[in-house]
Structure formats: structure tokens, C-alpha cells
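Every heavy atom of this structure was used, including side-chain atoms; hydrogens, water molecules and symmetry mates were not. In listed order, ligands and their atoms are each counted from 1.
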Amino acid sequence: MAQQRVMRLRINGKEHPLALDARVTLLDALREHADLPGAKKGCDHGQCGACTVHIDGERVLSCLTLAAQAEGHEITTIEGLAGADETLHAVQAAFLRHDAFQCGYCTPGQIMSAVACINEGHANSDDEIREYMSGNICRCGAYPFIVAAVREAAQQLQQEQTA
Ligand code: FES
Ligand code: FES
């Protein structure tokens, strides 16, 4: 049997000591071992974006990241995005308002990507949003509504920052 060791992953502000094989991806660690199935596996090859999570606030494809690489860093998943009182993040609320999802499978990745896209300053126009959200595929074709949701959330967050 492959060798396991205890990795201490800090996910959504909580320490998770997990006994993992060195080859386990962050996506599988989250889904199979940490009981956080929000990040989805659409391809496992870095092509769909359904597995997008944040490491230290930056978006990464968790299917292409080893759990071991995330040790000592802050991991955020869709489950950790809402406030402690369960108030939805502005992007989550905007997705609901704009019907920016249908089956919901790509949605956790879309939302994590959108939060990062806004933080990166890449949400200034519809074209820019389309380009910087192009790593997240949606088979349901929710793209126009996703763009509208990201644009609105970006404006809202900007207003809050300058208020
Ligand atoms: S599951 Fe990671 S990009 Fe598709
Ligand atoms: S909502 Fe179904 S794949 Fe995007």
C-alpha cells in the first residue's frame, strides 16, 4: 500500500489533519477526505474549471494541485465563502438574482473563479469578464447570466470599498 502521512490542511479557516497518500490531489482531498464536496470534478485534467478553489486568495485548479502543495496555505472552497452568519457573498447572491446557473455543477467553480476575477481587477467590462472567466466551462450555457452576475457583484463590491 502506498505510504500515507498526515497532512495538515487549513480549509475555510479550520485545520484538517488528513492521512493522505502523497499523490492525492487537493480536489480529491477536499471531496473524499475533508467532507467538502462543493468543488466539482468535471474532467480531472485542468480543462473545465469545475474544481476551482482559492489558495491564499488566488484561484487554482484543485485537480492539478497536490494536497501536499497546499499545506501551510489558506485554502478556501465554496463552502467557506459565505459569512460566519451565513450571509451569502456578493457573488453568490448575484448568481441567484441573475439565474446564473442551471444544473449547478459548474457553479462552485464559476463562483470561486468570479470572486478571484473581481479581486484581480479583471471585471471592468463584459468582454474582460468573458475572457477572464473563460477557464470555467458551463454546459448549460448560462454564460450571459454569469457575465451579468459578475458585473453586478463587481460594481457592488467596488461601491462597498469606496463607501
Ligand atoms: S476538474 Fe479540474 S479543471 Fe476540470
Ligand atoms: S449550470 Fe450546468 S454546467 Fe453550468
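Within a 6.0 Å sphere centred on CD of Glu71, other residues, nucleotides and ligands contribute more than 12 heavy atoms.
When hydrophobic side chains of Ile, Leu, Val, Met, Phe, Trp and Tyr are connected at separations under 4.5 Å, Val53 ends up clustered with Met7, Leu9, Ile11, Leu18, Leu20, Val24, Leu26, Leu30, Leu36, Ile55, Val60, Ile75.
In the model, Asn12 has a side-chain atom that pairs as donor or acceptor with a side-chain atom of Thr77 under 3.5 Å. Glu120 and His122 form a side-chain donor-acceptor contact under 3.5 Å, judged by distance and modelled atom types alone. A donor-acceptor contact closer than 3.5 angstrom links the side chains of Thr87 and Asp85. Between the side chains of Ser113 and Arg59, at least one donor N or O sits under 3.5 Å from an acceptor N or O.
Under a 4.0 Å heavy-atom criterion, Ala142 is not in contact with ligand 2.
Close approach of ligand 2 to Cys106 is summarised as follows: ligand atoms under 4.0 Å from at least one heavy atom of the residue are 1 (S), 3 (S), 4 (Fe). The distance from ligand 2 to the heavy atoms of Gly104 drops below 4.0 Å at these ligand atoms: 1 (S), 2 (Fe). Distances below 4.0 Å separate heavy atoms of Cys138 from the following atoms of ligand 2: 1 (S), 3 (S), 4 (Fe).
Between Asp28 and the choices Lys41, His33, Arg23, the side chain to side chain donor-acceptor pair (under 3.5 Å) rule is met once, by Lys41.
For atom 4 (Fe) of ligand 1, the count of nearby protein N/O/S atoms, taking only those under 2.8 Å, is 2.
Within the 4.5 Å cutoff, the side chain of His16 has no heavy atoms near those of the Arg10 side chain.
Atom CG of Leu61 sits about 12.5 Å away from atom CE of Met112, to the nearest 0.5 Å.
Among the atoms of Cys140, an N, O or S atom falls under 2.8 Å of atom 2 (Fe) of ligand 2. Among the atoms of Cys103, an N, O or S atom falls under 2.8 Å from atom 2 (Fe) of ligand 2.
For the pair Arg31 (side chain) and Pro37 (backbone), a donor-acceptor distance under 3.5 Å is present.
Arg139 N, 3.2 Å is the protein heavy atom nearest to atom 3 (S) of ligand 2. The single protein non-hydrogen atom nearest to atom 1 (S) of ligand 2 is Gln102 N, 3.2 Å, given as residue, atom name and distance.
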